[in-house]
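Just below is one structure, and these are the notes that go with it.
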Amino acid sequence: VNADLFVSIHANAAPNRAASGIETYYLNLAKTEKVAQLAAKENGTSLEKVSTLQAILFDLMANYKLNDSAHLAEDIQRSLVKSVRSSFPDTRNLGVKQGPFYVLVGASMPSILAEVAFISNTVEEQRLQDPVFQNLLVEGLLNGITAYAQSVH
């Protein structure tokens with residue numbers, strides 16, 4: 001549909017119910033076993049299939065807008081954390097990471113996956129239901145996209 005950007009918004013989950021924070025991913029090979037496990041969960045598949053996906057990614061990466069996606073991920077992560085911390089100062093910044101997520105494969109434009117909170121964390125689950133928190137997420141996403149767009153023009 002000739003989109004300029006692809007932004008996929010998710011609620012994270014972890015076996016450790018104390019896990020919390022915001023992290024943003026762009027497409028690349030999984031750098032750690034933890035990221036590979038998250039990718040398997042997000043992709044609704046097994047670690048073995050994630051390994052197959054990673055092999056396919058080697059071929060795709062020559063044409064992929066990796067640097068643009070990394071830049072978009074940085075701008076969105078920075079803006080999300082700043083926005084949310086304005087009312088929820090204890091929000092953890094988990095940073096920008098790389099991972100093999102199906103939802104990002106095949107995008108011909110800069111693309112990211114934002115994990116905006118952990119639904120497995122009781123406090124963050126409640127925040128996800130709070131309109132104030134939701135509006136801060138929207139503001140953070142918008143400001144991050146705007147910062148990215150201004151930097152490429």
Side-chain angles (χ1 to χ4, degrees), residues 5-61 64-107 109-145 147-148:
L5 301 173
F6 179 80
V7 177
S8 186
I9 305 163
H10 295 248
N12 212 338
N16 174 3
R17 295 183 63 79
S20 67
I22 298 170
E23 58 191 357
T24 304
Y25 288 87
Y26 62 98
L27 184 66
N28 206 338
L29 307 177
K31 300 294 185 189
T32 68
E33 180 71 14
K34 185 177 175 183
V35 172
Q37 289 172 347
L38 176 62
K41 186 172 187 170
E42 285 285 353
N43 295 339
T45 190
S46 66
L47 279 173
E48 181 182 30
K49 289 189 179 176
V50 168
S51 294
T52 302
L53 174 61
Q54 292 200 107
I56 293 167
L57 287 179
F58 277 117
D59 295 333
L60 293 175
M61 288 174 62
Y64 183 70
K65 295 186 174 265
L66 192 60
N67 290 336
D68 293 340
S69 293
H71 181 179
L72 175 61
E74 291 285 350
D75 285 342
I76 285 180
Q77 178 70 17
R78 184 180 314 107
S79 183
L80 272 172
V81 170
K82 179 180 178 186
S83 178
V84 172
R85 279 185 177 165
S86 69
S87 293
F88 301 93
D90 61 337
T91 300
R92 293 181 61 213
N93 181 352
L94 301 178
V96 171
K97 300 174 181 173
Q98 303 170 35
F101 297 100
Y102 284 150
V103 70
L104 301 177
V105 172
M109 72 289 292
S111 57
I112 62 97
L113 184 153
E115 297 278 9
V116 298
F118 280 77
I119 200 165
S120 54
N121 178 296
T122 306
V123 172
E124 289 195 349
E125 178 189 15
Q126 290 172 356
R127 287 181 184 174
L128 284 166
Q129 298 173 54
D130 180 348
V132 171
F133 185 78
Q134 293 170 2
N135 286 331
L136 291 169
L137 292 173
V138 170
E139 180 182 295
L141 288 162
L142 175 62
N143 290 342
I145 291 168
Y148 172 81

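Everything numeric here is computed off the predicted structure, so don't read it as measured data.
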Between [atom1] of [X] and [atom2] of [Y], what distance do you get to the nearest 0.5 Å?
{"X": "L72", "Y": "S111", "atom1": "CG", "atom2": "OG", "value": "8.0 Å"}
{"X": "I22", "Y": "N93", "atom1": "CD1", "atom2": "CG", "value": "7.5 Å"}
{"X": "T24", "Y": "H10", "atom1": "OG1", "atom2": "NE2", "value": "11.0 Å"}
{"X": "I145", "Y": "I112", "atom1": "CD1", "atom2": "CD1", "value": "7.5 Å"}
{"X": "L113", "Y": "F6", "atom1": "CG", "atom2": "CZ", "value": "8.0 Å"}

Using atom types as modelled and distance alone, determine if a side-chain donor or acceptor of [X] lies under 3.5 Å from a backbone N or O of [Y].
{"X": "E124", "Y": "A117", "result": "no"}
{"X": "S79", "Y": "G144", "result": "yes"}
{"X": "S120", "Y": "A14", "result": "yes"}
{"X": "E23", "Y": "L94", "result": "no"}

Listed once per pair and sorted, the salt bridge (Lys or Arg N to Asp or Glu O under 4.0 Å) pairs that draw on residues 68-81, sequence neighbours left out: D75-R78

Side chains of Y148 and P110, heavy atoms from C-beta outward: is any pair under 4.5 Å? yes

Could you list the donor-acceptor pairs under 3.5 angstrom formed by side chains in residues 129-142, with sequence neighbours left out?
residue, atom, partner, partner atom, Å
Q129, NE2, E125, O, 3.4
D130, OD1, V132, N, 2.8
Q134, NE2, L128, O, 2.8
N135, ND2, P131, O, 3.2
E139, OE2, S83, OG, 3.4

Y26 and Q98 side chains, donor-acceptor separation under 3.5 Å: yes

Looking at I119, I want to see if its CD1 is surrounded by more than 12 non-hydrogen atoms of other residues, nucleotides or ligands under 6.0 Å. no

